[in-house]
Amino acid sequence: MTDSPLKRPLRELYAGLRNGTLTATRLAEASLEAHQARGGHDHAYLTWNGEAALAFARATDAVIHQGGDTGALMGIPVSIKDIYAVPGLPTYAGSSRRLPQAWEQPGPMVAALLAQLPSVMGKTHTVEFAFGGLGTNAHWGAPRNPWDRQNHRTPGGSSAGAGVSLVGGTASLALGTDTAGSVRIPASMTGVAGLKTTAGRWSTNQIVPLSSTLDTPGLLAHSVDDLAFAFDALDGTLTSRSTRVPAPPALADLTFGVPSTFFWEDCSPGIAEAVEAAIRRLEAAGARVVTLDLPHTDEAYTLFQQGGLAAAELAAFLKTELPEMIEALDPNVAARVEAADDMPAWEYVRRRAVIDKLTAAAATRLADVDALLTPTVAITPPTLESLLPEGAYARANMHALRNTVIANFMGLCGLTLPVGKDAAGMPVGLQVLAGPWQDARLLAIGQAIEEQLGTGTTLLGEPPAP
């Protein structure tokens with residue numbers, strides 16, 4: 001797949017579509033070819049929209065030929081997580097039943113995307129109601145992590161098919177969401193880049209909610225530079241606080257905080273080593289690296305272990321909006337939704353107050369550095385077989401979410417980029433965190449890191465053929 005045009009940088013695709021060396025039709029055809037070649041083996045999509053996207057791409061080329069330009073993402077093949085409402089495509093949110101038609105009317109995020117005339121290749125698999133970090137689904141099955149062809153490993157969740165669609169060559173940009181790590185975990189586990197935006201920056205309207213407090217729209221792409229390109233294409237429409245991504249700073253002008261504990265604990269073999277090696281390379285290139293521990297990290301994780309806010313807020317949504325869906329829930333999701341019945345109102349209010357306290361303390365501490373660096377995910381993607389014993393799924397799911405959820409509970413923006421492979425040969429991600437509303441600068445910092453370390457394509461090579 002190295003010769004696939006969908007693997008080229010978004011800036012290169014943008015230029016090629018306008019100078020005539022590429023067409024939207026050719027990009028859509030390449031997506032269809034990749035999908036056909038893999039025979040659905042990766043299981044990235046719940047709803048494949050390939051033929052319709054190809055017809056749309058031909059119409060887009062006609063617009064371009066007439067001098068039309070609808071935006072930076074015009075003609076770009078895109079996949080969308082199946083919790084976004086998209087016109088003409090069903091929404092299941094990973095459940096066994098199609099949601100009411102109201103969930104096919106676009107919200108601001110999808111409207112901003114569609115206005116630029118990308119080619120929507122389909123809707124990717126998600127954990128049911130986005131409630132899980134591994135990418136499994138009792139109703140539809142788990143997409144296959146493309147980096148292991150011998151064993152069916154999890155792709156990361158809950159945006160389970162998003163990273164797989166990129167690595168499989170069917171999309172150049174993927175829309176996901178992140179409530180406790182649901183963009184960064186699949187990006188890390190599949191060797192691509194992922195952005196978690198600051199909560200409230202981009203509207204979650206017409207995105208099926210998991211946690212109304214913590215849900216954030218996000219992006220996955222082949223590189224941080226691609227994320228920056230797509231962020232600039234969308235952000236001006238989605239927020240009044242829009243700031244374009246500045247030029248990447250010199251590493252010598254940056255100070256990175258690195259925690260001494262927590263994020264490094266119980267890492268699978270090779271994960272901590274790969275991230276530590278990347279940090280040493282940044283330091284050797286001129287970056288200043290200091291020890292910095294976020295306050296109340298253990299308290300935040302304890303709150304997450306207790307269920308945080310997601311179980312209560314998802315239960316409220318289901319019981320008021322989709323009560324008929326509850327009886328058919330995936331057992332891994334149902335157990336946590338049922339547990340919310342035991343939470344008194346005062347405990348929910350207390351947890352909201354704790355998150356407000358965590359957010360304020362983290363913003364203050366991070367003012368001392370440009371960004372915080374940690375491993376993105378502490379666990380190598382587990383095989384589906386390893387999750388079968390009683391209690392195994394819950395342990396692995398909590399382990400996968402541990403490092404990423406801190407950003408959600410502390411109101412931070414964050415990204416991940418690949419920095420190598422672990423002892424099992426699976427991708428390892430470097431998590432880069434910054435204070436709230438620093439999204440644009442965070443991407444510029446990520447670009448500077450990427451320029452020094454390389455992209456996933458250069459570091460990881462190509463996954464084995466199916």
Side-chain angles (χ1 to χ4, degrees), residues 109 159 162 174-188 192-204 207 211 213-221 223-246 248-249 254-259 263 292 294-295 297 300 355-356 358-377 401 403-417 429-450:
M109 182 78 182
S159 305
L175 266 60
T177 59
D178 195 310
T179 304
S182 291
V183 160
R184 289 160 291 152
I185 295 170
S188 178
V192 299
L195 171 69
K196 173 217 173 299
T197 54
T198 301
R201 185 182 190 103
W202 291 353
S203 172
T204 57
I207 301 173
S211 169
T213 301
L214 301 175
D215 290 345
T216 57
L219 305 171
L220 297 88
S223 67
V224 178
D225 187 62
D226 283 352
L227 293 176
F229 180 86
F231 177 88
D232 277 343
L234 295 167
D235 192 56
T237 304
L238 292 169
T239 178
S240 60
R241 302 176 67 163
S242 176
T243 305
R244 290 190 65 83
V245 176
L254 296 175
T255 299
F256 294 126
V258 177
F263 296 93
L292 186 144
L294 288 173
T297 302
I355 285 177
D356 289 343
L358 295 173
T359 297
T364 298
R365 180 63 59 88
L366 283 178
D368 297 331
V369 296
D370 292 289
L372 190 77
L373 306 181
T374 80
T376 306
V377 183
L401 289 157
N403 284 5
T404 53
V405 70
I406 300 303
N408 302 82
F409 277 25
M410 295 188 176
L412 308 177
C413 57
L415 61 81
T416 181
L417 66 158
L430 170 68
Q431 180 172 230
V432 189
L433 302 177
W437 305 103
Q438 299 300 307
D439 310 62
R441 175 161 169 75
L442 174 68
L443 285 165
I445 292 169
Q447 287 173 299
I449 294 172
E450 185 173 76

With the side chain counted from C-beta on, respond yes when T198 and T216 share a heavy-atom pair under 4.5 Å apart, and no when they do not. no
Would you mind telling me which of L417, L430, T416 makes a side chain to side chain contact (heavy atoms under 4.5 Å, CB included) with S188? T416
Under 3.5 Å, is there a donor-acceptor pair between the side chain of T197 and the main chain of P217? yes
Is the shortest side-chain heavy-atom distance between L238 and R201 below 4.5 Å? no
Might you work through the side-chain contact (heavy atoms from CB on, under 4.5 Å) test for T374 and V258, ending with a clear yes or no? CA-CA 7 Å; T374 80; V258 177; over 6 Å; no
Name all residues meeting the side-chain contact (heavy atoms from CB on, under 4.5 Å) criterion together with N403; count only those two or more places apart in sequence or in a different chain, and write none if there are none. F262, F263, P375, A378, Q431
What distance do L442 atom CG and I449 atom CD1 have between them, rounded to the nearest 0.5 Å? 8.0 Å
Locate the shortest heavy-atom distance separating L412 from L294; write the atom from each residue and the value. CD1-CD1, 4.4 Å
To check you understand the geometry: which heavy-atom pair defines the closest contact between P249 and A448, and what is its length? O-CB, 3.3 Å
Result for side chain to side chain contact (heavy atoms under 4.5 Å, CB included) between L219 and one of D178, L234, L415, V183 points to L234
Once rounded to the nearest 0.5 Å, what's the spacing between atom CD1 of I207 and atom CE of M109? 6.5 Å
Quick one, L433 and M410 - any side-chain contact, counting heavy atoms below 4.5 Å? no
If I take atom OG from residue S182 and atom CG from residue L214, how far apart are they, to the nearest 0.5 angstrom? 11.0 Å
Do F229 and V245 touch side chain to side chain, with heavy atoms closer than 4.5 Å? no
Minimum side-chain heavy-atom gap D370-I445 below 4.5 Å: yes
Identify the heavy atoms of A407 and R184 that sit nearest to each other, and give their distance. CB-NH1, 3.5 Å
Give the minimum heavy-atom separation between D226 and S223, together with the two atoms involved. N-OG, 3.0 Å
Distance (rounded to the nearest 0.5 Å) between L220 CG and L195 CG: 9.0 Å
Please report the shortest heavy-atom distance between P186 and S159, naming the atom on each side. CB-O, 3.5 Å
Is the backbone N or O of V369 less than 3.5 Å from a side-chain atom of T255, with the two atoms forming a donor-acceptor pair by type? no
With the side chain counted from C-beta on, respond yes when R365 and L372 share a heavy-atom pair under 4.5 Å apart, and no when they do not. no
Distance in Å, L401 CG paired with I185 CD1, rounded so as to fall on 0.5 Å steps: 4.0 Å
Minimum heavy-atom distance P436-G411, with the two atoms named: CB-O, 3.3 Å
Going from CG on D235 to CH2 on W202, what distance comes out if it is rounded to the nearest 0.5 angstrom? 6.0 Å
